[in-house]
Q: 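Could you have a look at this structure, given as structure tokens, before my questions?
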Amino acid sequence: MDVTRASSSCSGPVTPTTPLVAFLQRVQQVALDTFGPSDFDPKFYVDLSLKSNLSDTENAFDKLPRSENGYVPVKDLREYIGKYFEDAGYDLVYAEPEDYVAEPEGFLPKVENPQVRAWALEVHSLWKNLSRKVSNEVRKHPEAHTLLPLPEQVMIPGSRFKEVYYWDSYWVIRGLLASKMHDTAKAIATNLISLIEEYGYVLNGARAYYTNRSQPPLLSAMVHEIYKRTGDLEFVKMSLPALIKEHHFWNSGIHKVTIQDPQACTYTLSRYYAMWNKPRPESTTIDKKFASKIPNAEKKNFYREVASAAESGWDFSTRWMRNSTDFTTVTTTSVLPVDLNAFILGMELDIASLAKVIGDYDISKHFFEAAQAREKAIRSVFWNAEMGQWLDYWLNDSSCKEAHEWVAQNQNEKVFASNFVPLWIKSFHSDAFLVDKVTRRLQNSGLLCDAGIATSLTNSGEQWDFPNGWAPLQHMIVEGLARSGSKQARLLAKDIATRWIRTNYVTYKKTGTMHEKYDVQKCGDFGGGGEYKPQTGFGWSNGVVLTFLEEFGWPQDLSIDC
């Protein structure tokens, strides 16, 4: 595979930013220059909200005293920020969920061990800590906030993430359903539907600076899970138009790619592609630093590739890099991702199923046929029989040509946890022969570690690489194995879930918190790496622990300690 930076001949659209976001990016840069890199989090500055109007705030900023090299004295900048801005998170108000009960009826019936049950109730209680609603100030003065007004209460992931995130919400909802909090689960999905109605897609997160990209599309899976638990047909009817609109977003324009195989069969697949070609506002100072190493002519393309990697949820990983030792070779738009296409296949199956339950048989038939076509495409383009897994496919370039010719050597043979994610989708976990092969390959992949599944085999220092394990990846692979009907696969699923629950428990007992990611090399260690400090809280980790305990339980006599 070529390890040079690929230039894109398809520039793609750019979503305009807001005046407030553009200004806060300037504040962020000056803050870095003034305060220095130690304990500096660029996101903090684009999450601030205005105390007065933007014009006065900008004028005061421009009048701040500056040294010859442009630095503002520390004291002056601190005073300025205190005078003109409300703190990050100020515009989210604490709101206890109305359907929260300290010990819900029928909660985790398979958890027999009292030690584990007591901890599971503590994890359940964390929903109270993460529950918020958007302040009325945001609705009255949207121009003074980067936070977007959402109609219902929200669940934040935790720590620096003081807003709703798209794909996090799926595992939050799974946890809420285990906690019997059906109304809160519906509220979260309703917020995401409101974003589709406003923008045509679900944003990466509910901030003005996230309007240029989405995230892994799991809203249909959320709606389907809620329907399975509640049987609420009105909720399905309300959701369906938005799900169809989202499907169109991922299957048209820059996200759509056509592949032609040697037999001249064509397949339509999807890729990540952010509508942006500048530094990400929440990480402007970081993106500019990397871009300083590359020629000016390539900067816009680099920024688009970085934002597209953020759209994937895997920010960042050698999975997107042509040269795993050089971050500036990130080329996300040239990758057809296995997992994204599995998610969209899941979306097509969900829409077909949901349309059927409300009696819309034409839509159901249309999406079932779309699912059949995508399943065939996934088997043709991504499946590697020799390796017994699905592999990402690299385009020779990210151009918007009519069709790209399929070439076997363009499959990325590096092993990532995402190579096993299609097993989560019924089309694949219902295929007994396939499940048997994939299960054996997973066991011999090198990804299975003492405390769960590693994200990759490359220790790059990026957070979506070895040795980090992430809750969503554990869950999708485990659930796919468990639902397959294979006894061997179910045993492997239970083993992985047990390792994951154990490391979450021991780390919680050591640190007093749930973590965003874990180091799977050793039971009881949280993860690291990436462009920000390890975060706690934590929405999807809580959700996956509760989901695993609901599915597999914990026997009375099984030790929970490492």
Side-chain angles (χ1 to χ4, degrees), residues 1-30 32-33 42-43 45-46 146 199-201 203-205 207-215 249-250 252-257 270-337 340 394-401 404 462 531:
M1 194 191 302
D2 178 25
V3 296
T4 57
R5 275 186 299 278
S7 63
S8 169
S9 59
C10 172
S11 56
V14 176
T15 305
T17 191
T18 68
L20 176 59
V21 170
F23 170 60
L24 291 174
Q25 286 178 269
R26 290 178 61 208
V27 175
Q28 182 193 101
Q29 183 64 61
V30 169
L32 176 60
D33 296 341
K43 185 178 184 299
Y45 296 93
V46 290
T146 61
Y199 299 96
Y201 47 96
L203 310 185
N204 180 148
R207 289 270 178 194
Y209 53 76
Y210 284 144
T211 56
N212 55 58
R213 62 183 189 255
S214 187
Q215 248 192 347
F249 170 77
W250 285 103
S252 60
I254 51 173
H255 290 102
K256 177 183 171 183
V257 177
S270 304
R271 63 174 165 182
Y272 294 110
Y273 202 116
M275 297 169 282
W276 194 242
N277 61 5
K278 303 178 185 76
R280 290 167 299 145
E282 75 281 12
S283 302
T284 298
T285 51
I286 296 169
D287 289 358
K288 279 185 172 178
K289 189 176 177 183
F290 277 113
S292 67
K293 302 170 189 172
I294 62 177
N296 284 337
E298 294 178 21
K299 280 182 168 53
K300 280 187 176 182
N301 190 52
F302 169 72
Y303 292 139
R304 190 183 293 279
E305 299 298 347
V306 171
S308 300
E311 182 170 65
S312 79
W314 284 53
D315 44 348
F316 294 99
S317 172
T318 51
R319 188 180 169 197
W320 313 121
M321 292 152 62
R322 288 187 178 269
N323 175 353
S324 61
T325 62
D326 181 357
F327 184 75
T328 66
T329 67
V330 62
T331 320
T332 321
T333 63
S334 292
V335 181
L336 287 184
L340 172 61
W394 282 80
L395 304 170
N396 290 328
D397 59 66
S398 59
S399 64
C400 296
K401 56 189 175 190
H404 297 257
E462 298 298 342
E531 65 178 34

Q: Do you know the tightest heavy-atom contact between Ala208 and Thr18?
A: CB-CG2, 4.1 Å
Q: Below 3.5 Å, can you tabulate the donor-acceptor pairs from side chains in residues 23-30 to any protein atom, sequence neighbours excluded?
A:
residue, atom, partner, partner atom, Å
Gln25, NE2, Thr284, OG1, 2.8
Arg26, NH2, Asp62, OD1, 2.8
Gln28, OE1, Thr284, N, 3.2
Gln28, OE1, Thr285, N, 3.1
Gln28, NE2, Pro42, O, 3.0
Gln28, NE2, Pro281, O, 2.8
Gln29, NE2, Asp33, OD1, 3.3

Q: Just by modelled atom types, is the Val46 backbone N or O under 3.5 Å from a matching donor or acceptor in the Thr146 side chain?
A: yes
Q: By salt bridge (charged side-chain N to carboxylate O under 4.0 Å, His left out), which residues pair with Arg280, not counting sequence neighbours?
A: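 Salt bridge (charged side-chain N to carboxylate O under 4.0 Å, His left out) check on Arg280 returns Glu282, Asp287, Glu531.
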Q: Sequence neighbours excluded, which residues qualify as ring-ring contact (aromatic ring centres under 6.0 Å, His included) partners of Trp320?
A: none
Q: Kindly indicate whether the side chain of Trp314, heavy atoms from C-beta on, has any atom under 4.5 Å from the side chain of Thr332.
A: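 No; the side chains remain at least 4.5 Å from each other.
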Q: I want to check something: taking the side chain as every heavy atom from C-beta on, are His404 and Asn396 in contact at a cut-off of under 4.5 Å?
A: no
Q: Could you tell me which non-hydrogen atom of Phe316 sits nearest to which non-hydrogen atom of Glu462, and how far apart they are?
A: O-CB, 3.2 Å
Q: Would you please name every residue forming a ring-ring contact (aromatic ring centres under 6.0 Å, His included) with Tyr272, sequence neighbours left out?
A: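 Testing Tyr272 for ring-ring contact (aromatic ring centres under 6.0 Å, His included), a comparison that skips the adjacent residues, returns Trp250.
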Q: Closer than 3.5 angstrom, by distance alone: can the side chain of Glu311 be matched with the main-chain N or O of Tyr273 as a donor-acceptor pair?
A: yes
Q: Looking only at heavy atoms, what is the nearest atom pair of Pro279 and Lys288, with distance?
A: CG-CG, 3.9 Å
Q: When you compare the side chain of Leu32 with that of Tyr45, does any pair of heavy atoms fall below 4.5 Å?
A: no
Q: What distance do Arg304 atom CZ and Lys278 atom NZ have between them, rounded to the nearest 0.5 Å?
A: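 So the CZ of Arg304 and the NZ of Lys278 are separated by 9.0 Å.
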Q: So how far is it from Leu203 CG to Tyr210 OH, rounded to the nearest 0.5 Å?
A: 10.5 Å
Q: For Lys299, give me all partners under side-chain hydrogen bond (donor to acceptor under 3.5 Å, both in side chains), at least two apart in sequence or on another chain.
A: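 Residues passing side-chain hydrogen bond (donor to acceptor under 3.5 Å, both in side chains) with Lys299: Asn296.
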Q: Looking only at atom types and distance, does a side-chain atom of Ser308 sit under 3.5 Å from a main-chain N or O of Ala274, one as donor and one as acceptor?
A: yes
Q: Show the nearest heavy-atom pair for residues Ser270 and Pro337, with the distance to one decimal.
A: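 Heavy atoms only, the tightest pair is O-CD, 3.5 Å.
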Q: Nearest 0.5 Å please: distance from the CG atom of Asn204 over to the CH2 atom of Trp276.
A: 13.0 Å
Q: Out of curiosity, Tyr303 OH to Ile294 CD1, how far, rounded to the nearest 0.5 Å?
A: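 If we round to the nearest 0.5 Å, Tyr303:OH and Ile294:CD1 are 7.0 Å apart.
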Q: In Å, rounded to the nearest 0.5 Å, how long is the span from CE of Met275 to OG1 of Thr15?
A: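 Here the interatomic distance stands at 4.5 Å.
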Q: Could you please spell out the steps behind the side-chain contact (heavy atoms from CB on, under 4.5 Å) verdict for Lys293 and Phe302?
A: CA-CA 11 Å; Lys293 302 170 189 172; Phe302 169 72; over 6 Å; no
Q: Taking only residues two or more places apart in sequence, or in another chain, which ones meet Phe249 in a ring-ring contact (aromatic ring centres under 6.0 Å, His included)?
A: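 Expected list: Tyr201, His255.
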Q: Write down the atom of Thr211, the atom of Pro16, and the distance for their closest heavy-atom approach.
A: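 Taking every non-hydrogen atom into account, OG1-O, 4.4 Å.
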Q: Going from CZ on Phe290 to OG1 on Thr328, what distance comes out if it is rounded to the nearest 0.5 angstrom?
A: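 Here the rounded value is 8.5 Å.
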Q: Check whether any side-chain heavy atom of Arg271 sits under 4.5 Å from a side-chain heavy atom of Thr333, and report yes or no.
A: yes
